[in-house]
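Note that the structure is a prediction, hence the values are computed from the model and not measured.
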Amino acid sequence: MTRHTWIATLLGAVVGAGVMLAGLAQAGRLAPAPRPEVLVTLAQTVDAEHRRVDVLLKQRDYAGAIAALEQMRTIAWPEPAVAGDAAAVLRHDVYGRLVRLRLDHPDVDPKTPDALAELVGEGLGVDYKAIATNAFTARLVGLRGEIAEKQGRDGDALLAYEEALDMNRALLQQALAGAAP
């Protein structure tokens, strides 16, 4: 892929993400960003990081991919008052991918199930239920269930799985309602 093609592809993805987030905000599903430039910059950062992780995974550099996502944890995630709910959704996306990689590659910088549970809690934040239902949050909640299961907390695992299923059912109903003539 030439540099020009790569830049055009990246720009298209960023614009597409921005349009999607703006559409969700206009549809009333996400609180709008009072400072959209913060949200656009965050979305571009997350997009570039995901592309870097994709390349690292293609090279089978699982440690590098995990380290890149761990580095994303250290950025200053904007508050909803600054960047709207979409900032939290993007955080859930990054944390979900990190947790999934850690679960799929437990031999890379091993973490205990308790440490992974703390990671999910950090990623979700205390107010995740106040955010409109979205696929990234549902995924992270489902991962919470998977980790609770590894901890032997089957009751908590069932609750998390049920919460994730409810979110996904709601998303499916929204999608089907939007697709109906």
Check your understanding: For the hydrophobic clusters of this structure (ILVMFWY residues joined by side-chain heavy atoms under 4.5 Å, transitively), does one cluster hold both Ile75 and Leu90?
Key -> yes

Review point. Between atom CG of Leu119 and atom CG of Asp114, what is the distance when rounded to the nearest 0.5 Å?
Key: 12.5 Å

Point to revise | Exam field: side chain Thr137 to backbone Asn134, donor-acceptor pair closer than 3.5 Å | key: no

Study note, to complete from the structure: Taking every heavy atom of Gly123 against every heavy atom of His92, the minimum-distance pair comes out as O-CD2, 3.1 Å

Point to revise | Close side-chain approach of Val99 to Arg144, heavy-atom, < 4.5 Å | key: no

Review point. With the 4.5 Å side-chain cut-off for hydrophobic clustering, are Val108 and Val94 part of the same group?
Key: yes

Review point. Is there a donor in the side chain of Glu146 and an acceptor in the side chain of Tyr161, or the other way round, less than 3.5 Å apart?
Key: no

**Study point:** Which atom of Ala138 lies closest to which atom of Ala164, heavy atoms considered
**Key:** O-CB, 3.5 Å

Check your understanding: Would you say Leu171 and Leu140 are hydrophobically clustered, going by side-chain heavy atoms of ILVMFWY under 4.5 Å?
Key -> no

Point to revise | side chain to side chain contact (heavy atoms under 4.5 Å, CB included) partner of Arg51, chosen from Asp47, Val53, Val55 | key: Asp47

Point to revise | pair Leu103-Ile147: side-chain heavy atoms closer than 4.5 Å | key: yes

Review point. Okay, side chain of Asp127, backbone of Ala130: is any donor-acceptor separation there less than 3.5 Å?
Key: no

Study note, to complete from the structure: Residues Ile131 and Ala88: closest non-hydrogen pair is CD1-CB, 3.2 Å

Point to revise | Reported CD-to-OG1 distance for the pair Gln151 and Thr112, which is rounded to 0.5 angstrom | key: 8.0 Å

Check your understanding: What are the two closest non-hydrogen atoms of Ala170 and Thr133, and how far apart are they?
Key -> CB-CG2, 4.4 Å

Review point. Can Glu49 and Gln44 be said to form a side chain to side chain contact (heavy atoms under 4.5 Å, CB included), step by step?
Key: CA-CA 8 Å; Glu49 198 62 53; Gln44 289 172 334; over 6 Å; no

Check your understanding: How close do Leu143 and Gly96 get, heavy atom to heavy atom, and via which atoms?
Key -> CD1-O, 3.4 Å

Practice item. Answer yes or no: is there an ion pair linking Asp54 with Arg97, defined by an N-O contact shorter than 4.0 Å? Key: yes

Check your understanding: Does a side-chain heavy-atom distance below 4.5 Å link Arg91 with Val46?
Key -> no

Practice item. Check the pair Met72 / Thr45 against side chain to side chain contact (heavy atoms under 4.5 Å, CB included), numbers first and verdict last. Key: CA-CA 9 Å; Met72 280 295 294; Thr45 302; 4.2 Å; yes

Check your understanding: Is Arg169 salt-bridged to Glu162, cutoff N-O under 4.0 Å?
Key -> yes

Exercise for review: With the side chain counted from C-beta on, respond yes when Asp104 and Tyr62 share a heavy-atom pair under 4.5 Å apart, and no when they do not.
Suggested key: no

**Study point:** Test: Arg102 and Glu70 ion pair at under 4.0 Å
**Key:** yes

Check your understanding: Do the side chains of Val120 and Tyr128 join up, straight or via other hydrophobic residues, at under 4.5 Å, putting them in one cluster?
Key -> yes

Check your understanding: Any link between Leu98 and Trp77 through a network of hydrophobic side chains (Ile, Leu, Val, Met, Phe, Trp, Tyr) touching at under 4.5 Å?
Key -> yes

**Study point:** Minimum heavy-atom distance Ala157-Glu149, with the two atoms named
**Key:** CB-N, 3.7 Å

